Structure formats: structure tokens, C-alpha cells
Amino acid sequence: MKKIIIICGGPSSEYDISLLSSQSIIDNIDYNKYSVSICIIGKDRKCTIKQISKPENISKWENGNILFTDTLLRLKEYDIALLGTHGQFGEDGVLQTYLEEAQIPYTGSDSYSSRLCMDKFRSSILVNSSTDLFIPKTDIVHLNNLEEFLNNVKLPVFIKPNKNGSSICSYVVKDLNNLKQILKDFYSHHKGEDEILIQEYIEKKTEVSCGCLEKKDHTFIQLPPIEIIPKTSKFFDYTAKYTKNASLERTPAIGIPKEQREIVSELAINIHKLLGCRLYSRSDFLVTGKKIYYLETNTLPGMTSTSLIPQEAKEIGIDYRDLISFFIDNS
Ligand SMILES: Nc1ncnc2c1ncn2[C@@H]1O[C@H](COP(=O)(O)OP(=O)(O)OP(=O)(O)O)[C@@H](O)[C@H]1O
Ligand SMILES: [Mg+2]
């Protein structure tokens, strides 16, 4: 029986989402096939490690007291670390570097690719120069200079951190009435030296996202794109992402023509290869007529049973439990 350790949490603004992804994995993983342990990294990087033989509610677990770096020897006991982490530390190449150094096999992209994809600005330049995809016109400033920049730029613009996820600190800025509130939000998640993107606001668009699955032999399972229609938000913001029924998410993505759906599926694989991703990834796009804008690639995208990749996989007959087994068996 393969010994699996699911790693989740960490010092990221996506801590809560990571626990949701991991809880879904814990609720659905095949306990007849794998021996399962969990490592929750607290926001203070202190860990709890526990073996389980059936689903348990991890939100009830007490905080741990061993620093993550001190758990590495113990993590070597496992055949594979299944990463349920998102964002800073867990998806940006830091955790991946620790695991590589300790020679602990893990699911998903390596440290280099993780780091590159977390940098939306530089990875999108690479994608733009190597494909027919468009990218929104983008300026990049340090958070300390954001206020001055916004005071002098032609509005509307779309602003978001260069390295974060879950639409945290993402705003359509049409006027500067809420500037104080916006800056307060940014400073609660970021330091003054962090990079912020100020982008052309793509307004009349169809939003689609598309993952791909890479087998151990480097052949691919193509996934269909999923279309996202936020019901009350102006874009796919935090509320639209994580509130039940706040968005309509549909596969097939009938808001774009069939030929374009095929193109997006192929692009998801080509971008995955270009950025050096491994096992799975999910790229986000905005479509306006024939133009397809590339937004970003997620190396550890949301993995609750109703997240986008699980929905795409379900559409081609791979249920959530099989998807988890796919990740383990192809790592
Ligand atoms: N330039 C833009 N114009 C219009 N909408 C945008 C633009 N950039 C981003 N968005 C909207 O904001 C959302 C979040 O942006 P993006 O995917 O780049 O960041 P993220 O927070 O890292 O997302 P994820 O949760 O997928 O990691 C997009 O899904 C889209 O709805
Ligand atoms: Mg995104």
C-alpha cells in the first residue's frame, strides 16, 4: 500500500482555501488503496501530522508545534506527498524546493516551474511571445508606488498582485473613490515592495479556464474548458469563487464556439509544456470574439470536489476519486 501524506495550509492568504481543497481530498481518497496521513502547516509554519483511516474534519484539529523544516526527516517515511497547498509557500516553489532537497516525491510542478507560474507578469510575457494568445496591456509597480500610479493613469484599469491567487486584492478601478479601502486591503496581504499589476480592463468577455492532465509517460489527457459566469460580481472575484451558487460554471463552455473550445484545450497543454509544468495545471483565459487573452497558469489549482479541474475531468468521465488516484499514480 502506498503511503501518502497530504500537505496543506501554510503561511498563505489562501490558507483557508487550501484546507477546503484538502478536506475534499480527505473525504474522497481511496482508503483501500492508500495509507493516508495529513500534515497541516499552520500559518506560523508549525505542523500537525496524523495518520487517518477514514475521513476526519481537519478544521477541528489543534495547532501543531513542530516547525515545518523540522518535519522533513519524518516526511521521508512517505512514498509521496500530495500537495493540497495554494499560494505563497505551498505553490510558489518554496515548499517544492524543501521537498526536492529532502528527496521526497510530491505531486505537481517542480520548484522552478512553480516559481515561474506564480510570477504572472513574467510567465505571461513568455506565453504571449510563444503563442497566438494576447495578454492585457500591463504595467507593474511596487505596492508603495501604487497610489501615485493610480492617480495618474487613465481609468478604468484592473489591478491585482503579481503573486497571489483566489482574486485576493483584485479590483476593477473605475474611479478613485475607494482608493483608501483598496490600499488597506493590499497592505493587509502584501508588503510595500511587492509587485502589483495594473492591467487593461477586459470588459466584454467570456471567461474560460482549462486544465490538462499529464501522465507519468508525459502523454496528456486533454480536458474541456469550463465557462465561468459570475452572477452578481463584475468578475470572478473571491465571493464569486467561493460562495455557493455565486457563479454559473459550465462545461461544455457553450459561450464560445466549439472550434474555440478545442483551441483552448490544446492551448492549456501547450502552455503547461512551455512553462515546464508537471502532472496537472490550469490556465485562465478571457475571450472577446476571436481574441483569446491569457491571464495566468495555476500549478496547484483549487481541488475541492466542485473546483474547476474536477468539473472538467468529470465531463470526460473521470470522477473526483479517480482524479486523486491519477495524481498519486502518475507522480
Ligand atoms: N485584465 C483583466 N480584465 C478583466 N478581468 C480580469 C483581468 N485580470 C483578471 N481578471 C478577473 O480576475 C480574476 C482573477 O484573476 P487571475 O486569474 O489573474 O488571478 P488569481 O487571483 O491568481 O486567480 P486564481 O484564483 O485562479 O489563482 C479572473 O478570473 C478574471 O475574472
Ligand atoms: Mg485565475
Side-chain angles (χ1 to χ4, degrees), residues 12-18 20-21 85-88 90-92 108-109 114 116-125 127-128 133-140 153 155-174 185-186 189-190 194-211 225-243 246-249 253 255 264 268 271 275 277 280-288 291-304 307-309 311-312:
S12 152
S13 14
E14 293 182 88
Y15 177 91
D16 295 332
I17 309 303
S18 164
L20 289 180
S21 284
T85 45
H86 304 305
Q88 196 210 339
E91 188 179 354
D92 63 3
S109 298
S114 303
L116 174 62
C117 293
M118 186 54 67
D119 185 340
K120 290 187 171 69
F121 183 67
R122 294 164 187 91
S123 52
S124 65
I125 291 173
V127 169
N128 176 236
L133 284 161
F134 291 80
I135 50 173
K137 281 187 204 73
T138 304
D139 284 296
I140 184 164
V153 77
L155 301 176
V157 289
F158 193 90
I159 57 171
K160 61 186 174 188
N162 185 35
K163 298 173 187 171
N164 208 328
S166 291
S167 298
I168 290 163
C169 297
S170 298
Y171 293 93
V172 184
V173 182
K174 294 195 164 165
D185 188 21
F186 269 97
H189 292 281
H190 290 274
D194 287 358
E195 292 175 325
I196 312 301
L197 305 182
I198 299 108
Q199 289 192 329
E200 163 192 6
Y201 175 45
I202 312 297
E203 192 162 12
K204 293 203 173 69
K205 76 266 172 176
T206 305
E207 176 151 8
V208 294
S209 185
C210 190
I226 187 162
E227 181 181 351
I228 297 146
I229 308 168
K231 286 189 184 156
T232 50
S233 313
K234 284 195 250 93
F235 66 97
F236 200 28
D237 63 8
Y238 191 89
T239 311
K241 280 179 183 171
Y242 303 114
T243 312
S247 291
L248 171 66
E249 297 166 355
V264 168
I271 294 166
L275 299 176
C277 301
Y280 67 115
S281 67
R282 199 200 80 218
S283 296
D284 297 341
F285 308 91
L286 301 176
V287 183
T288 62
K291 270 185 161 179
I292 306 176
Y293 286 89
Y294 169 76
L295 290 182
E296 59 142 359
T297 297
N298 300 281
T299 48
L300 290 175
M303 213 33 82
T304 70
S307 292
L308 303 178
I309 287 202
Q311 289 192 60
E312 294 169 18

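For ligands, and for the atoms within them, numbers begin at 1 and follow the listed sequence. Note that these values count all heavy atoms, side chains included, but never hydrogens, waters or copies made by symmetry. Bear in mind that the values here come from a model prediction, so they are computed numbers and not experimental data.
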Could you work out, for atom 19 (O) of ligand 1, the closest of Lys120, Lys137, Lys205 by heavy-atom distance? Lys120

Would you check if the side chain of Gln88 reaches a backbone N or O of Ser12 as a donor-acceptor pair within less than 3.5 Å? no

Give yes if a backbone or side-chain nitrogen or oxygen of Ile202 is under 3.5 Å from a nitrogen or oxygen of ligand 1, and no if not. yes

Closest non-hydrogen contact found for Glu91 with Thr299 is OE2-N, 3.2 Å

Are the side chain of Glu227 and the backbone N or O of Gly255 linked by a donor-acceptor pair below 3.5 Å? yes

Indicate yes or no: does Glu249 engage Lys241 in a salt bridge with an N to O separation below 4.0 Å. no

Please list, in number order, the atoms of ligand 1 under 4.0 Å from a heavy atom of Arg282. 26 (O)

Provide, to 0.1 Å, the distance between atom 17 (O) of ligand 1 and the closest protein heavy atom, together with that atom's residue and name. Glu296 OE2, 2.9 Å

Distance-minimising heavy-atom pair for Asn128 and Phe134: ND2-CA, 4.1 Å

If you count the atoms of ligand 1 from 1 in the order shown, which ones are under 4.0 Å from a heavy atom of Glu200? 1 (N), 2 (C), 3 (N)

Restricting to N, O or S atoms of Glu296, which is nearest to the Mg ion (ligand 2)? OE2

Output, in order, the C-alpha distance, side-chain angles, deciding distance and verdict of salt bridge (charged side-chain N to carboxylate O under 4.0 Å, His left out) for Lys160 and Glu296. CA-CA 12 Å; Lys160 61 186 174 188; Glu296 59 142 359; over 6 Å; no

Does NZ or CZ of Lys205 lie under 6.0 Å from the centre of the six-membered ring of Tyr293, at an angle within 45° of the ring axis? no

The atoms of ligand 1 lying under 4.0 Å from a heavy atom of Asp284, numbered in the order shown, are 17 (O), 26 (O)

Donor-acceptor check, side chain of Ser18 to backbone of Asp16, threshold 3.5 angstrom: yes or no? no

Name the orientation class of the two ring planes belonging to Phe186 and Tyr171 (parallel below 30°, tilted from 30 to 60°, perpendicular beyond 60°). tilted

Can you pull out the closest protein heavy atom to atom 27 (O) of ligand 1? Residue, atom name and distance to 0.1 Å, please. Asn298 OD1, 2.8 Å

closest protein heavy atom to atom 21 (O) of ligand 1 is Ser167 N, 2.6 Å

Is His86 close enough to touch ligand 1? Criterion: a residue heavy atom under 4.0 Å from a ligand atom. no

Does Lys241 have a heavy atom less than 4.0 Å from any atom of ligand 1? yes

Can you confirm whether Lys231 is buried at NZ, in the sense that more than 12 heavy atoms of other residues, nucleotides or ligands lie under 6.0 Å from that atom? yes

So, does Thr243 use its side chain to make a donor-acceptor pair with the main chain of Ala240 at under 3.5 Å? no

Any atom of ligand 1 sitting under 4.0 Å from a heavy atom of Ile228? no

Does an N or O from Tyr242, backbone or side chain, lie closer than 3.5 Å to an N or O of ligand 1? no

Of all N/O/S atoms in Asp284, which lies nearest to the Mg ion (ligand 2)? OD2

Under 4.0 angstrom from ligand 1, any heavy atom of Leu286? yes

Going by the closest heavy atom to atom 30 (C) of ligand 1, which one wins out of Glu91, Glu207, Lys160? Glu207

May I ask you to list the atoms of ligand 1 that are less than 4.0 angstrom from any heavy atom of Gln199? 1 (N), 2 (C), 7 (C), 8 (N)

Any idea which of Tyr171, Phe236, Phe158, Tyr201 brings a heavy atom closest to atom 6 (C) of ligand 1? Phe158

